[in-house]
Number of protein chains: 2
Amino acid sequence: MFLSTTNNGVDAKGRVSVPADFRAVVRGGVFDGIIVWPSFEGPYLEGGGQALMERYQALIEDMDPYDEARIAFERAIFGAAKPLSFDANGRVTLPRELIEHAQLDGKATFVGLGSRFELWSPALYAEHQTRARSFARDNKKSLRLSPRRPSSSRPSSSGGDAS
Amino acid sequence: MFLSTTNNGVDAKGRVSVPADFRAVVRGGVFDGIIVWPSFEGPYLEGGGQALMERYQALIEDMDPYDEARIAFERAIFGAAKPLSFDANGRVTLPRELIEHAQLDGKATFVGLGSRFELWSPALYAEHQTRARSFARDNKKSLRLSPRRPSSSRPSSSGGDAS
DNA sequence: TGGTTAACGATGGGATAACATGGGTAAACG
DNA sequence: CGTTTACCCATGTTATCCCATCGTTAACCA
């Protein structure tokens with residue numbers, strides 16, 4: 001499982017060290033590396049191991065062969081996905097177009113999301129985080145996670161990040 | 001699996017380098033090359049390895065021998081498909097009619113789509129690419145990954161194409 | 001417990017092989 | 001006999017591999 005957030009450097013050749021935890025997730029597959037594609041939702045990258053790609057492929061092959069959505073997904077995901085293999089030190093080389101899409105400038109933030117991960121420019125990710133947080137606050141009623149309830153006594157005062 | 005998008009040149013002889021990743025996918029078959037035919041959906045080419053052809057053959061042979069659709073598929077795919085073998089440098093020579101169908105003019109864009117690939121004029125593909133991305137964004141809900149269940153119904157090497 | 005050392009992960013740079021591409025020549029085809 | 005197709009070699013560019021360095025963490029020893 002891809003977990004946690006890591007900030008690594010992107011050198012002049014576009015190389016970036018994949019966090020060791022992430023490498024351990026994909027270790028064992030026939031393809032020793034990760035697969036990365038530009039998100040079609042924003043200026044960041046999405047990635048995973050080959051197993052993730054095969055899950056997408058299974059999903060897509062269940063769709064009608066001439067479904068417009070199927071063709072769109074095939075082109076948006078498979079067409080844009082780059083297989084990036086690890087070098088001896090656990091790095092991958094990001095192609096120029098991926099670096100540009102995510103606006104990476106010397107640094108990249110790996111964000112683990114369980115079955116996949118995201119790659120962000122640190123600055124954009126911070127911004128995205130604050131927006132995500134306020135979105136969560138605005139929608140907290142729909143975010144009830146578990147039957148466990150806080151049972152009062154918790155200071156409802158805004159804890160620092162007021163807006 | 002055919003992945004990623006590559007832009008290669010088409011010289012005066014109609015030769016184009018097949019991306020090395022793509023060559024690796026079809027490597028090992030008895031026929032050392034790719035099979036390409038004009039799409040009946042638009043001005044581009046479709047292609048794959050021999051394994052893909054055999055899949056199509058199996059699909060079509062399940063249809064009624066006198067089904068009009070079967071005849072149409074046979075003519076549109078098998079009748080128009082050209083086996084293009086690699087030269088020593090990994091290139092194929094595109095016949096004139098394929099170049100004209102896809103309106104290739106010095107450049108060709110290989111688009112990997114998992115079990116097959118497409119060949120486009122770069123300008124024409126750019127347009128379809130943006131449309132595919134926005135369509136995918138609007139319909140992403142239909143791509144939800146279901147929680148992986150242990151009883152996977154198919155072996156991991158799906159589709160017969162090598163990794 | 002404090003200090004030292006070995007191991008792992010991350011980073012930087014240079015050498016080398018792979019890839020894409022161009023042109024030329026010989027064989028095959030009509 | 002002319003045209004086309006296949007094969008061969010040469011070259012620039014790019015990506016891949018290999019080695020060295022450095023910081024951090026974890027293990028080990030006194």
Please report, rounded to the nearest Å, how far the [atom2] atom of [N] is from the [atom1] atom of [X].
X: Arg96(A); N: dA15(D); atom1: CZ; atom2: C1'; value: 13 Å
X: Phe110(A); N: dG9(C); atom1: CZ; atom2: P; value: 15 Å
X: Asn7(B); N: dC19(C); atom1: CG; atom2: C1'; value: 15 Å
X: Asp87(B); N: dA20(C); atom1: CG; atom2: P; value: 12 Å
X: Lys13(B); N: dC8(D); atom1: NZ; atom2: P; value: 13 Å
X: Leu94(B); N: dT5(D); atom1: CG; atom2: C1'; value: 14 Å
X: Asp21(A); N: dA10(C); atom1: CG; atom2: P; value: 8 Å
X: Phe22(A); N: dG9(C); atom1: CZ; atom2: P; value: 14 Å

[X] side chain, from C-beta outward: closest of [options]:
X: Ala20(B); options: dA20(C), dG12(C), dG23(C); value: dA20(C)
X: Arg15(A); options: dC19(C), dC18(D), dC7(D); value: dC18(D)
X: Lys107(B); options: dG12(C), dA6(D), dT21(C); value: dT21(C)
X: Asn89(B); options: dA10(C), dC9(D), dC8(D); value: dC9(D)

Subject >> Residues Arg55(B) and Glu61(A) bridged, charged N to O under 4.0 Å >> reply: yes

Counting any heavy atom closer than 4.0 Å, what does [X] reach on the DNA or RNA strands: base, sugar-phosphate only, or nothing?
X: Asp11(A); value: sugar-phosphate
X: Val10(B); value: nothing
X: Val92(B); value: nothing

Original post:
Is any side-chain N or O of Arg23(B) closer than 4.0 Å to OP1 or OP2 of dA18(C)?
Top reply: no

Subject >> Quiz item: Asn8(B) side-chain donor-acceptor pair to dT21(C) base, under 3.5 Å >> reply: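 By the distance-only test, no, there is no pair.
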
Subject >> Pair of N/O donor and acceptor under 3.5 Å linking dG9(C) base with Arg91(A) side chain >> reply: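 Not at all, since no donor on one side and acceptor on the other fall under 3.5 Å apart.
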
Original post:
Do Arg75(A)'s NZ or CZ and the ring of Tyr44(B) fall within the cation-pi criteria of under 6.0 Å and 45°?
Top reply: yes

Original post:
Any side-chain heavy atom of Asn139(B) sitting closer than 4.5 Å to one from Phe73(A)?
Top reply: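 Result yes, sub-4.5 Å side-chain heavy-atom pair found.
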
Original post:
Within a strict 4.5 Å, meaning less than it, do heavy atoms of the Tyr56(A) and Arg116(A) side chains meet?
Top reply: yes

Subject >> Earlier contact from the 5' end, DNA chain C, for Gly9(A) and Ser17(B) >> reply: Gly9(A)

Original post:
Counting distance only, does the side-chain N/O of Arg70(A) pair as donor-acceptor with the main-chain N or O of Met63(A) below 3.5 Å?
Top reply: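 It does hold such a pair.
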
